[in-house]
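When reading the values below, keep in mind they use all heavy atoms of this one structure, side chains included, and skip hydrogens, waters and symmetry mates. Since the structure is predicted, the reported quantities are computational estimates derived from the model, not experimental observations.
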Amino acid sequence: MGPLLRTVELFYDVLSPYSWLGFEVLCRYQNIWNISLQLRPSLIGGIMRDSGNKPPGLLPRKGQYMANDIKLLRHHFQIPIQFPKDFFSVIIEKGSLSAMRFLTAVSLEHPEMLEKVSRELWMRVWSRDEDITQPQSILAAAEKAGMSAEQAQGLLEKISTPKVKNQLKETTEAACRYGAFGLPITVAHVDGQTHMIFGSDRMELLAYLLGEKWMGPVPPAVNARL
C-alpha cells in the first residue's frame with residue numbers, strides 16, 4: 001500500500017483572476033503529486049467584508065500593478081487570462097454571487113463537473129470578457145463544460161434554495177476560519193497539521209510542505225499537451 005493521499009483544499013471565486021491561476025496549477029499537479037484535491041467554491045465578497053480587506057482595483061497603484069501582472073502571468077502560467085475592459089463594473093458592481101451559488105450547486109449534485117464548469121466561468125469573465133451574472137451566461141458556461149441543458153437548468157433553479165445558499169455561506173465562513181483575507185487560499189492537511197497558503201504564487205512552498213517536487217506552473221507532463 002502506498003502513502004496516504006494528503007488532502008488539499010482550494011477555496012476560490014471565479015471573480016478572482018489569481019484564483020484561476022492557482023486552480024489551474026493544482027489541477028495540473030493533482031495527478032502528479034500524492035494529493036486529493038478538493039475544490040471549495042467560496043464568495044470573495046464575504047471574505048473581504050469579514051477581514052476588512054478591499055479589492056486591489058480600488059487603489060489605483062494596485063490596480064495598475066495588477067493589470068501589468070496579469071499580462072506577464074498569462075504567458076508564465078500559459079493560461080489565456082486578460083483584464084476585462086470595464087474592470088470596475090465586473091468586480092465591484094456585478095460580482096459573482098449567482099455564479100458561485102451555481103458552482104456550489106454543481107459541487108453538491110455533480111461534483112465530477114465542478115472543475116470544468118469553474119474553468120468555463122473563468123474563461124468567460126477573465127479571457128473573453130463575457131458576462132457571468134445572467135442566467136443564460138451561466139447556462140452557456142455549464143453547457144460548454146459538457147453539462148446537458150436539462151442538468152444545467154435544474155441546477156440553476158436551485159441556486160436560491162436554502163441548501164445552496166447555506167452551503168456557500170458555510171464554505172466562505174470556513175475559509176475565514178482558516179484565516180483568509182482574500183482568494184485563493186490553499187489549505188494543506190499534512191501529518192495532522194493544517195497549513196493555509198494565500199495566493200497563486202506560493203505553490204513552491206506548498207510543494208515543500210507536501211514533500212513533493214515543484215516543476216513550475218506548467219510541469220513537463222502538462223507542457224507536452226499544451
Point-to-point distance, once rounded to the nearest 0.5 Å, from CG of Leu73 to OG of Ser200: 6.5 Å

Ser42 side-chain N/O to Arg40 backbone N/O, donor-acceptor pair under 3.5 Å: yes

Pair Ser19-Asp13, side chain to side chain donor-acceptor pair (under 3.5 Å): steps then yes or no: CA-CA 7 Å; Ser19 285; Asp13 187 322; over 6 Å; no

Side-chain (Thr172) to main-chain (Leu43) donor-acceptor, under 3.5 angstrom: yes

Asp129 side chain to Pro84 backbone, donor-acceptor under 3.5 Å: no

Carboxylate-amine/guanidinium proximity below 4.0 Å for Glu173 and Lys169: yes

Residues Tyr12 and Ser118: side-chain donor-acceptor under 3.5 angstrom: yes

Interatomic spacing from CH2 in Trp122 to CG in Leu15 - rounded to 0.5 Å: 11.0 Å

Flag for Asp201-Tyr18: side-chain donor and acceptor within less than 3.5 Å: no

Residue pair Pro17 / Trp126: nearest heavy atoms and the distance that separates them: CD-CZ2, 3.3 Å

Phe83 and Phe87 aromatic ring geometry - parallel, tilted or perpendicular at 30°/60° bounds: parallel

Distance (rounded to the nearest 0.5 Å) between Leu209 CG and Thr186 OG1: 10.5 Å

Whether Arg124 side chain and Ile132 backbone form a donor-acceptor pair below 3.5 Å: no

Intermediate values then yes/no, side-chain contact (heavy atoms from CB on, under 4.5 Å), Glu109 and Lys158: CA-CA 10 Å; Glu109 301 210 7; Lys158 294 180 179 180; 2.7 Å; yes

Val164 side chain reached by Phe102 side chain, heavy atoms, under 4.5 Å: no

Separation between CG of Leu10 and CG of Leu26, rounded to the nearest 0.5 Å: 5.5 Å

Any donor-acceptor N/O pair, Gln82 side chain to Ser127 backbone, under 3.5 Å: yes

Side-chain heavy-atom pair Ile47, Ile185 within 4.5 angstrom cut-off: no

Heavy-atom side-chain contact between Trp20 and Met123 under 4.5 Å: yes

4.5 Å side-chain heavy-atom contact, Leu97 and Arg101: yes

Heavy-atom side-chain proximity of Thr104 to Thr171 below 4.5 angstrom: no

Verdict with supporting geometry, Leu168 and Leu103, side-chain contact (heavy atoms from CB on, under 4.5 Å): CA-CA 9 Å; Leu168 179 58; Leu103 288 178; over 6 Å; no

Under 3.5 Å: donor-acceptor pair, side chain of Glu157, backbone of Gly154: no

Nearest heavy-atom neighbours spanning Gln38 and Ser36: NE2-OG, 2.8 Å

Glu112 atom CD, neighbour heavy-atom count above 12 within 6.0 Å: yes

Approximate separation, where rounding is to 0.5 Å, of Asn53 CG and Met48 CE: 4.5 Å

Residue Arg6 excluded, over 12 heavy atoms near CZ under 6.0 Å: yes

Path from Leu210 to Ile32 over hydrophobic side-chain contacts below 4.5 Å: yes

Nearest non-hydrogen partners of Ser51 and Ala180, listed with the distance: CB-O, 4.0 Å

Exam field: side chain Asp50 to backbone Gly46, donor-acceptor pair closer than 3.5 Å: no

Hydrophobic cluster identity match, Leu108 and Val14, side-chain contacts under 4.5 Å: no

Trp33 side chain vs Ala207 backbone, donor-acceptor pair below 3.5 Å: no

Under 3.5 Å donor-acceptor, Glu212 side chain and Asn34 backbone: yes

Under-4.0 Å salt bridge between Arg177 and Glu170: no

Presence of salt bridge, Glu115 and Arg119, under 4.0 angstrom: yes

Atom CD of Gln153 with >12 non-hydrogen neighbours under 6.0 angstrom: yes

Within 6.0 Å of CG in Asp191, more than 12 heavy atoms from elsewhere: no

Side-chain H-bond candidate by donor/acceptor type, Thr133 with Asp131, under 3.5 Å: yes

Sub-4.5 Å side-chain heavy-atom contact between Gln78 and Pro217: no

pair Lys144-Lys116: side-chain heavy atoms closer than 4.5 Å: no

Any Gln30 side-chain heavy atom under 4.5 Å of Val8 side chain: no

Single-linkage hydrophobic cluster, 4.5 Å side-chain cutoff, Ile197 and Phe181 together: yes

Shortest non-hydrogen separation from Ile44 to Ser16 and the atoms involved: CD1-CB, 4.1 Å

Check: Met215 main-chain N/O paired with Tyr29 side-chain donor or acceptor under 3.5 Å: yes

Least distance between heavy atoms, Ile138 atom then Ala99 atom: CD1-N, 4.0 Å

Taking every non-hydrogen atom, the tightest pair across Cys27 and Leu37: N-CD2, 4.1 Å

Interatomic spacing from CZ in Phe23 to CG in Leu183 - rounded to 0.5 Å: 14.0 Å

Criterion side-chain contact (heavy atoms from CB on, under 4.5 Å) on Leu155 and His110, from CA distance to verdict: CA-CA 9 Å; Leu155 291 176; His110 296 284; 3.9 Å; yes

From CA spacing to verdict: side-chain contact (heavy atoms from CB on, under 4.5 Å), Ile79, Leu21: CA-CA 8 Å; Ile79 294 169; Leu21 300 174; 3.7 Å; yes

